[in-house]
Amino acid sequence: MSAEERTTDTIPQWKQEEVEELAELLEAYDSVGVVSVTGIPSRQLQDMRRGLHGSAVLRMSRNTLLERALEEVDDGLEDLTEHLSGEVGLVATNDNPFGLYQQLEDSKTPAPINAGEVAPNDIVIPEGDTGIDPGPFVGELQTIGANARIQEGSIQVLEDSVVVEEGDTVSDDVSNVLSELGIEPKEVGLDLRAVFSEGVLFTPEELELDVEQYRADIQSAAASARNLSVNAEYPTAQTAPTLLRKATGEAKSLGLQAAIESPDLAEDLVSKADAQVRALAAQIDDEEALPEELQDVEAPAADAAAESQEADEDESSDDQPTDSEADADDSDDDDDGDAGAEGLGEMFG
């Protein structure tokens with residue numbers, strides 16, 4: 001008989017059945033993770049288990065049996081065995097790893113910290129009225145490093161006071177003071193160590209996402225893609241309206257520069273011509289040489305046709321950069337404009 005057979009024969013029946021049940025559980029879900037349950041009271045652990053009901057399953061067992069089940073299923077799950085140390089359990093779900101991580105983080109609750117524990121972060125006693133009557137407690141606060149005084153008939157902390165720094169051990173005095181003040185400086189919950197899903201092993205650092213920042217990044221990427229599509233004149237269902245407005249504005253700009261007679265351009269052409277006439281009349285010193293309706297005409301503050309054209313270009317671009325700009329002064333290009341008018345006239349009807 002081989003050594004392997006002898007080893008198998010010595011495994012108690014209940015352990016074999018436990019491994020089989022664990023293996024069946026692991027094979028039934030898409031994602032499997034290892035969670036730490038260190039320091040979680042039994043009652044809170046049961047509450048967390050109930051909180052996962054319907055979306056995930058938490059299974060506790062001996063680490064050796066968990067390891068045997070992971071290796072038996074294989075398919076890459078054996079990579080989780082390196083995270084089986086201390087008080088741990090397996091959590092299985094059909095949700096994606098990011099959703100599982102967020103669910104476990106959201107389920108964590110504040111809890112008091114005991115003497116001898118390591119502070120998970122800086123423990124701060126906040127500024128303000130403690131609500132405790134004057135007495136020896138003010139000395140206890142001062143002993144652990146809090147800036148406390150008796151003022152207005154009660155014990156008050158005058159400023160935020162760090163009484164334990166992250167990574168330091170909590171003393172009996174600090175634990176007692178925090179308990180008296182009702183301060184719960186740590187969070188209790190299932191700490192995810194790793195998740196295996198669809199052939200990939202994820203760590204908590206890879207699963208921690210700032211949802212709002214992620215949403216902003218997606219919106220920024222979508223806006224950049226839209227700008228690229230418009231600037232490259234690549235039509236899509238989303239950019240077609242903008243491209244049409246841009247093309248309409250550029251066609252109108254070209255029609256104004258070439259003085260094309262079109263019902264769509266008539267009003268702008270008249271405004272442009274009127275502005276040019278008034279600008280010219282304002283340059284003539286002898287008013288008697290001008291028709292009566294042009295006497296006492298002041299030069300326009302701005303070229304009306306150019307303003308109208310620029311407004312059309314801004315609207316057509318929908319905040320996108322365009323290559324065409326209106327030329328307000330066409331007086332030197334009348335001959336060239338007339339030469340191209342016949343061909344462009346067909347375009348504008």
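Please read all numbers here as calculations on a predicted model, not as lab measurements.
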Short side-chain to backbone donor-acceptor contact, Arg49 and Leu58, under 3.5 Å: yes

Within 6.0 angstrom of Glu208 CD, more than 12 heavy atoms from elsewhere: no

Flag, side chain of Ser31 to backbone of Tyr29, donor-acceptor distance under 3.5 Å: no

Polar side-chain atom of Ser229 near backbone of Thr239 as donor-acceptor pair, under 3.5 Å: no

Candidate list Val57, Val32, Val35, test side-chain contact (heavy atoms from CB on, under 4.5 Å), partner Val91, passing option: Val35

Under 3.5 Å donor-acceptor, Gln156 side chain and Gln151 backbone: yes

Verify same cluster id: Ile132, Ile144 (apolar side-chain graph, 4.5 Å): yes

Nearest heavy-atom neighbours spanning Ala115 and Asp172: CB-OD1, 2.8 Å

Close side-chain approach of Ser61 and Leu22, heavy atoms under 4.5 Å: yes

Test item: Arg193 side-chain N/O and Val34 main-chain N/O as donor-acceptor pair under 3.5 Å: no

Short side-chain to backbone donor-acceptor contact, Thr143 and Asp173, under 3.5 Å: no

salt_bridge(Glu117, Lys186) N-O dist < 4.0 Å: yes

Glu18/Arg62 ion pair, N-O < 4.0 Å: no

Under 3.5 Å donor-acceptor, Thr169 side chain and Val118 backbone: no

Inter- and intrachain pairs under salt bridge (charged side-chain N to carboxylate O under 4.0 Å, His left out), touching residues 92-114, at least two apart: Glu105-Lys108, Lys108-Asp191

Within 6.0 Å of CD in Gln142, more than 12 heavy atoms from elsewhere: yes

Test log, rule side chain to side chain contact (heavy atoms under 4.5 Å, CB included), inputs Val188 and Met48: CA-CA 10 Å; Val188 173; Met48 293 174 188; 3.9 Å; yes

Minimum-distance pair of heavy atoms, taken over all atoms of Ile150 and Gly135: CD1-N, 4.4 Å

Contact summary for Asn63 and Gly86, nearest pair of heavy atoms: ND2-O, 3.0 Å

Side chain proximity check, Gln103 to Ser55, heavy atoms < 4.5 angstrom: yes

Heavy-atom side-chain proximity of Leu26 to Leu77 below 4.5 angstrom: yes

Heavy-atom pair with the smallest gap, counting every atom of Ala56 and Thr93: CB-CB, 3.8 Å

Leu65 side, atom CG; Arg59 side, atom CZ - distance, nearest 0.5 Å: 9.5 Å

side-chain hydrogen bond (donor to acceptor under 3.5 Å, both in side chains) evaluation trace for Ser161 with Asn147: CA-CA 7 Å; Ser161 304; Asn147 185 3; over 6 Å; no

Short side-chain to backbone donor-acceptor contact, Asn231 and Asn227, under 3.5 Å: yes

Under 3.5 Å donor-acceptor, Ser220 side chain and Ala216 backbone: no

Ile155 with Leu181, same ILVMFWY side-chain cluster at under 4.5 Å: yes

ILVMFWY cluster, Val73 and Leu70 together (side-chain gap under 4.5 Å): yes

Flag, side chain of Glu206 to backbone of Thr203, donor-acceptor distance under 3.5 Å: yes

Heavy-atom side-chain contact between Leu207 and Leu192 under 4.5 Å: yes

Pairwise side-chain contact, Leu158 with Glu127, heavy-atom cut-off 4.5 Å (strictly under): no

Under the side chain to side chain donor-acceptor pair (under 3.5 Å) test, residues paired with Gln213 that sit two or more places apart: Asp217

Short side-chain donor-acceptor distance under 3.5 Å, Thr236 and Arg226: no

Full working for salt bridge (charged side-chain N to carboxylate O under 4.0 Å, His left out) between Arg215 and Glu212: CA-CA 5 Å; Arg215 181 181 290 110; Glu212 292 304 320; 3.0 Å; yes

Within one Ile-Leu-Val-Met-Phe-Trp-Tyr cluster: Leu256 and Val270, side-chain cutoff 4.5 Å: no

Check: Leu265 and Glu261 side chains under 4.5 Å, non-hydrogen atoms: no

Pairwise side-chain contact, Leu100 with Phe202, heavy-atom cut-off 4.5 Å (strictly under): no

Shortest non-hydrogen contact from Val162 toward Glu165: CG1-CG, 4.2 Å

Salt-bridge present (Glu250, Arg245; N to O < 4.0 Å): no

Shortest non-hydrogen contact between Ile125 and Leu141, atoms and distance: CD1-CD2, 3.9 Å

Side chains of Glu20 and Gln16, donor plus acceptor under 3.5 Å: no

